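Data block below; observations after.
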Protein chains: 2
Amino acid sequence: MVSKQPDPHPEIPDEIDGLRMTKQRKEIYHILMEYRDHPTASEVYMRAKERLPSISQATVYNCLQALVQHQIIRQVNFERESSRYCPNLREHVHFHDSATGAIHDVDFKPGFQLNELLQLPEGVQVEDIEITLRGKLPQSS
Amino acid sequence: MVSKQPDPHPEIPDEIDGLRMTKQRKEIYHILMEYRDHPTASEVYMRAKERLPSISQATVYNCLQALVQHQIIRQVNFERESSRYCPNLREHVHFHDSATGAIHDVDFKPGFQLNELLQLPEGVQVEDIEITLRGKLPQSS
DNA sequence: GTATGGAATTGGAATAATTCTTGATATCGG
DNA sequence: CCGATATCAAGAATTATTCCAATTCCATAC
């Protein structure tokens with residue numbers, strides 16, 4: 001008679017938007033929520049192995065992909081680097097600090113309108129916007 | 001006595017911004033200028049082979065990289081797809097037509113200011129902006 | 001002209017991130 | 001409890017790109 005292990009992440013529901021949250025998916029989602037530093041798949045893999053030593057890279061990729069497809073997290077691409085993953089679902093922009101390599105989320109100002117910024121042709125339907133900035137933060141931050 | 005072949009692209013100077021424009025580099029630059037449809041490296045390779053049958057993929061990659069590094073063309077990345085290349089040096093945005101897959105350049109409106117759009121922290125120095133839109137054009141276009 | 005040195009080109013091998021495949025496991029509904 | 005379905009694991013396969021070593025090209029000096 002083996003008693004079940006307690007769920008290590010009881011704050012994460014067993015299902016999100018129709019996706020069954022398995023042990024592995026919960027762990028990976030938890031990792032993204034905890035640090036929010038836009039890790040790559042292999043960084044997620046390294047962190048996940050600490051709690052789930054038998055997890056494989058393939059599972060990490062599978063889980064990340066399942067979470068992205070169900071719009072629980074976002075995949076972030078910068079240049080040709082490895083994809084990074086981000087649990088922030090608000091519409092936002094990514095700022096890459098060229099000094100430290102860190103990535104910061106930057107929000108839009110309320111009420112922004114794309115066609116105030118761009119010479120878009122009449123009648124376009126914009127389904128998705130992706131904005132990435134690269135630059136330096138002031139010293140004091 | 002073999003007479004030299006005439007330069008197939010006399011409109012392209014023999015040097016741009018300190019980069020010696022060899023036969024291969026001229027051909028590749030010409031391909032980008034002619035169609036302006038944001039081809040991938042292997043699309044450029046296929047087109048280049050028509051005029052320079054002995055050109056190699058490695059050369060295409062080398063030339064594209066040299067042109068990018070000398071800021072003669074731009075490398076454009078979208079999601080995790082192959083890089084695409086673009087001779088438009090004006091600051092602009094890429095619009096991916098989700099119906100046809102075509103990529104269109106969209107200009108900024110004059111006098112746009114990033115911090116009208118974004119809640120940027122005080123004192124950031126933005127060195128580079130990359131904006132990509134995905135969506136549909138109106139039928140009639 | 002011809003020689004020379006550095007840059008450019010070539011073809012193939014190597015790399016890295018990601019996806020695919022297949023079999024094993026776990027979970028759900030009845 | 002049992003079969004159906006979903007998920008996971010491990011390694012092979014794929015794809016875009018880069019690296020490497022050998023050759024070729026080209027500008028300049030002789």
Side-chain angles (χ1 to χ4, degrees), chain A residues 2 4-5 7-8 12-29 31 38-46 48-49 51-70 72-73 75-85, chain B residues 1-9 12-29 31 38-46 48-49 51-70 72-73 75-85:
Chain A
V2 181
K4 251 188 196 160
Q5 300 297 321
D7 181 346
I12 301 175
D14 291 339
E15 186 175 317
I16 302 181
D17 282 318
L19 183 69
R20 186 148 64 85
M21 291 299 281
T22 63
K23 192 168 36 139
Q24 290 84 347
R25 288 175 186 158
K26 280 190 179 183
E27 185 56 43
I28 283 167
Y29 185 52
I31 286 167
H38 306 83
T40 63
S42 67
E43 286 164 355
V44 171
Y45 174 53
M46 290 187 296
K49 268 199 299 195
R51 270 174 189 268
L52 303 174
S54 75
I55 202 169
S56 70
Q57 289 240 44
T59 297
V60 172
Y61 276 105
N62 287 342
C63 291
L64 288 170
Q65 196 175 299
L67 293 168
V68 168
Q69 276 167 359
H70 286 74
I72 299 166
I73 63 171
Q75 184 171 7
V76 179
N77 298 300
F78 182 58
E79 308 280 302
R80 306 234 83 241
E81 294 172 10
S82 306
S83 287
R84 295 175 174 277
Y85 298 86
Chain B
M1 185 87 69
V2 181
S3 65
K4 247 188 199 161
Q5 301 296 323
D7 181 348
H9 302 301
I12 301 176
D14 291 338
E15 186 175 317
I16 302 181
D17 282 319
L19 182 69
R20 185 149 64 87
M21 291 299 282
T22 63
K23 191 168 37 137
Q24 290 85 348
R25 287 175 185 160
K26 281 189 178 182
E27 185 57 42
I28 284 168
Y29 185 53
I31 287 167
H38 305 83
T40 63
S42 67
E43 286 163 357
V44 171
Y45 174 53
M46 291 187 296
K49 268 199 299 196
R51 270 176 189 266
L52 302 175
S54 76
I55 200 170
S56 68
Q57 288 241 48
T59 297
V60 172
Y61 275 105
N62 287 341
C63 290
L64 289 169
Q65 196 174 298
L67 293 168
V68 168
Q69 275 167 359
H70 285 75
I72 300 167
I73 64 170
Q75 183 171 10
V76 179
N77 299 301
F78 182 58
E79 308 279 300
R80 304 236 85 239
E81 295 172 9
S82 305
S83 287
R84 296 176 173 276
Y85 297 88

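Since the model is a prediction, treat every value here as computed from it, not as a measurement. Letters A, B, ... are given to chains in the order of the sequence lines, protein chains preceding strands, and every chain is numbered from 1.
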Item checked: Out of C:dG11, C:dA17, D:dT18, whichever nucleotide has its closest atom nearest the side chain of B:Ala58 -> C:dG11
Item checked: Between D:dT7 (C1') and A:Glu27 (CD): distance, integer Å -> 17 Å
Next item on the list: Would you kindly give the CG-to-P distance between A:Asn62 and C:dT18, to the nearest whole Å?
Entry: 13 Å
Notebook entry, point to check: Within this structure, what is the CD-to-P distance between B:Glu15 and C:dA8, rounded to whole angstrom?
Noted result: 10 Å
Checklist line | Touch class at under 4.0 angstrom, heavy-atom based, for A:Ser82 against every strand present | finding: sugar-phosphate
Notebook entry, point to check: Would you say C:dT18 has OP1 or OP2 under 4.0 Å from some side-chain N or O of B:Arg80?
Noted result: yes
Checklist line | Whole angstrom value for the distance that separates P of D:dT18 from CD of A:Glu79 | finding: 12 Å
Notebook entry, point to check: Hey, does the side chain of A:Thr22 come within less than 4.0 Å of C:dA26's phosphate (OP1/OP2), counting only N and O?
Noted result: no
Notebook entry, point to check: Quick one: which of D:dT7, D:dT17, D:dA9 gets closest to the side chain of A:Leu19?
Noted result: D:dT7
Checklist line | Of the listed nucleotides C:dT19, D:dT17, D:dA9, the one nearest the side chain of A:Ile55 | finding: D:dA9
Next item on the list: Between B:Lys23 and B:Tyr61, name the one whose nearest nucleotide on DNA chain D is closer to the 5' end.
Entry: B:Tyr61
Notebook entry, point to check: Could you state the interatomic distance from OG (B:Ser56) to OH (B:Tyr45), rounded to the nearest 0.5 Å?
Noted result: 7.0 Å
Checklist line | Ion pair check, A:Arg51 and A:Glu27, cut-off under 4.0 Å | finding: yes
Item checked: From SG (A:Cys63) to CD1 (A:Ile73), nearest 0.5 Å -> 9.5 Å
Item checked: Atom pair distance, as rounded to whole Å: CD in B:Gln65 and P in C:dA8 -> 12 Å
Next item on the list: Using a 4.0 Å heavy-atom cut-off across all strands, classify A:Thr40 as base, sugar-phosphate, or nothing.
Entry: nothing
Notebook entry, point to check: For B:Arg20 and C:dA7, is the shortest distance between a side-chain N/O and OP1 or OP2 below 4.0 Å?
Noted result: no
Next item on the list: Using atom CZ of B:Arg25 as one end and atom P of C:dT10 as the other, report the distance to the nearest whole Å.
Entry: 11 Å
Check: With sugar-phosphate meaning primed atoms plus P, OP1 and OP2, does B:Gln57 contact a base, only sugar-phosphate, or nothing at under 4.0 Å between heavy atoms?
Finding: nothing
Check: With sugar-phosphate meaning primed atoms plus P, OP1 and OP2, does A:Gln24 contact a base, only sugar-phosphate, or nothing at under 4.0 Å between heavy atoms?
Finding: sugar-phosphate
Item checked: Charged N-O contact under 4.0 Å between A:Asp7 and A:Lys23 -> no
Check: With distance as the sole criterion, is a donor-acceptor pair present between the side chains of B:Gln24 and B:Thr59 under 3.5 Å?
Finding: no
Check: Nearest of D:dA9, C:dA8, C:dA17 to any side-chain atom of A:Ser56?
Finding: D:dA9
Checklist line | Protein-nucleotide distance (A:Tyr45, atom OH; C:dA17, atom C1'), rounded to Å | finding: 14 Å
Next item on the list: Pick base, sugar-phosphate or nothing for B:Ser83, based on heavy-atom distances below 4.0 Å to the nucleic acid.
Entry: sugar-phosphate
Next item on the list: Take atom CG of A:Leu52 and atom P of D:dA10, then tell me their distance rounded to the nearest Å.
Entry: 12 Å
Next item on the list: Give a yes or no answer on whether the side chain of A:Arg25 reaches the backbone of A:Leu67 with a donor-acceptor pair at less than 3.5 Å.
Entry: no
